[in-house]
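Take a look at the structure below.
A note on names: the letters A, B, ... follow the listed sequences, proteins ahead of strands, and every chain is numbered from 1.
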Amino acid sequence: MIQAVRGTKDILPDTIDTWYFLEETARIISELYGYRELRTPSFEKTEVFSRGVGEGTDIVNKEMYTFLDKGGESITLRPEMTASLVRAVIQSGTYQQNSVSKYWYFAPFYRYERPQKGRLRQFHQFGAECISSPYPESDVEIIQLTHSFIQALGIEEYKLMLNSLGNSASRDVYRNALIEFLKDNKENLTEDSRNRLEINPLRVLDSKAENDIVIVKNAPIILDYLDNESKDHFEKVKSLLDSLGIGYEITPKLVRGLDYYCHTVFEFQSSALGAQDSFGGGGRYNTLFSQLGGKETPAVGFAMGVERLILILESLNKLPKTEAEADVFVVSLNLDFQAYAANIAQILRAKGLKTATDLQRRSMKAQMREANKCGAKYAVIIGDSEFENKQITIKNLSESSQETIGIELIPEYDFKF
RNA sequence: GCGGCUUUAGCUCAGUAGGUAGAGCAUCAGAUUGUGGCUCUGAGGGUCACGGGUUCAAAUCCCGUAAGUCGCCCCA
């Protein structure tokens, strides 16, 4: 048997209603906030991500699906959306107009990682990006949007972790202070953290190794290094969230794994998930446009892991019910009635009823069972007398009542659901 | 990329000290032939993940591979 590639999953009809629900909710909420959907190709030139996401990140170093195409160009399956989206916006030139533009997406992404629950090699994200506003109002709008979305799904128990990385000036000062501190404790750090000390020292704060956690406890805190501009920005974000009644937890050690973030960063966590407890996150990125060759443009955005949301909904028992396959099942008692039955089915479909017929030439009993199994509320029965008199018998399966009517009356017959 | 656990019918799982496999659910068919859901009866369905090895004999022991899962790592 040929199996699906490791870390990939088929979405079968029995779970498709969950996907429709998430896609619909994502679209409706995004549009309520004035965001428009943007789609990009699922692969890009590799430099989009190596320059965009950052050479020091694990995503770029270890997790990308990169290959040479037949023309010798290095191509990468997108591991996330923001870099692609920024590339597309720069290319389209729309951001030049210096007015805010707002985009959302719901799409598959690819990372070569060891699969686990909630961690796949092809996975889906719903996200949104607000481009061209440097102001905290846009940070808050993004968080507000995610909040609305999570609420619309019926998820109430989750944590919003919030932090500020400040502007590049304060970040540099902090970075130096942190390196200084970590160097003093170098002997006690894990090997991973010692390596990161050189490449991306902020990530050491995120370490889960016990040794590191003990050391990091006393590390300098970025919030103490914010300059006035950065501090004002963060304070404004907090007070706006407060007035909106959106709860959050200040988490000075939250740094996130993509290089392009500055100022506000945030992450959503749920205890329903286990080791992969984060189901969404985002932040501000003011330098990404220039890194990708565009005009310097401030922006902020978020992404949520769709498969992880589904796991949460599952644990809360809030998955949408599967839709019935059919409203009406046409039972035909004789092969000679096939054409008649097919015509009846067409009339019913024209009324907007989901209509199924027997495709296995089975007995009446089996067809009735099938009607029941596919969730139909009505069975339409065609036997000798119906066929001869141009009639059908309509049986209400839940009430076990039935009546026989002429086919000309089908269009106005009142099927109740 | 590293470590632990798991892998038997479509699904969930039994399988005792090595002797070529069982249950429940699901599927299908019947219960006097134009009526389903309940009940009863019966049937089909498994190269026991894959590949080696030990043995007269392996689902059962050993090795390897793959996939899943839980951690590490990373992130959504």
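When the P atom is compared between B:C25 and B:G68, the two are found 31 Å apart, to the nearest whole Å. The C1' atoms of B:C40 and B:G51 are separated by 47 Å, rounded to the nearest whole Å. Distance check on atom C1': B:C28 versus B:G44 gives 7 Å, rounded to whole Å. With C1' as the reference atom, B:U20 and B:C56 are 14 Å apart, rounded to whole Å. When the P atom is used for both B:A43 and B:G3, the distance is 49 Å, rounded to whole Å. Taking the P atom of each, B:C72 and B:G15 are spaced 32 Å apart, rounded to whole Å. Comparing the P positions of B:G30 and B:C70 gives a spacing of 45 Å, expressed to the nearest Å. Taking the P atom of each, B:A21 and B:G34 are spaced 43 Å apart, rounded to whole Å.
Checking B:C5 for Watson-Crick or G-U wobble geometry (two distances, each under 3.5 Å) identifies B:G68 as its partner. Base pairing of B:A29: its partner is B:U41, meeting the Watson-Crick or G-U wobble criterion (both donor-acceptor distances under 3.5 Å). Remark: B:G46 base-pairs with no nucleotide; criterion is Watson-Crick or G-U wobble with both hydrogen-bond distances under 3.5 Å.
Just one residue in the list A:F67, A:F123, A:Y65 forms a ring pair (Phe, Tyr, Trp, His ring centres under 6.0 Å) with A:Y112, and that residue is A:Y65. Of the options A:D358, A:I392, A:I381, A:L348, a side-chain contact (heavy atoms from CB on, under 4.5 Å) to A:V330 is made by A:L348 and by none of the others.
For an aromatic pair to be called close, the ring centres must be under 6.0 Å apart, and A:Y174 with A:F181 fails this. Between A:F289 and A:Y95, the distance separating the two ring centers is shorter than 6.0 angstrom.
Note on A:F123: a base of the nucleic acid sits closer than 4.0 angstrom, heavy atoms only. At a threshold of 4.0 angstrom between heavy atoms, the contacts of A:L309 with the nucleic acid are absent.
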Inset, instruction - Mind running ring-ring contact (aromatic ring centres under 6.0 Å, His included) on A:Y105 and A:Y103 for me, showing each step along the way? - result: CA-CA 7 Å; A:Y105 60 89; A:Y103 306 98; over 10 Å; no

Legend entry - A:Q291 and A:Y285: CA distance, side-chain angles, deciding distance, side-chain hydrogen bond (donor to acceptor under 3.5 Å, both in side chains) verdict: CA-CA 11 Å; A:Q291 273 167 41; A:Y285 50 96; over 6 Å; no

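Taking 4.5 Å as the limit, every side-chain heavy atom of A:I131 sits out of range of all side-chain heavy atoms of A:K102.
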Inset, instruction - Would you give a per-nucleotide map of nucleotides 27-38 of chain B, 5' to 3', where B means the base has a protein non-hydrogen atom under 4.0 Å away, S means only the sugar-phosphate does, and - means neither? - result: SSS----BBBB-

Legend entry - Nucleotide-resolved protein contact map, nucleotides 65-73 of chain B, B/S/- at heavy-atom distance under 4.0 Å: --SSBBBBB

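In this pair, A:F387 and A:Y340 present their aromatic rings perpendicular. The plane angle is above 60°, beyond the 30 to 60° band.
A salt bridge links A:E44 to A:R87: one of the charged nitrogens lies within less than 4.0 Å of a carboxylate oxygen.
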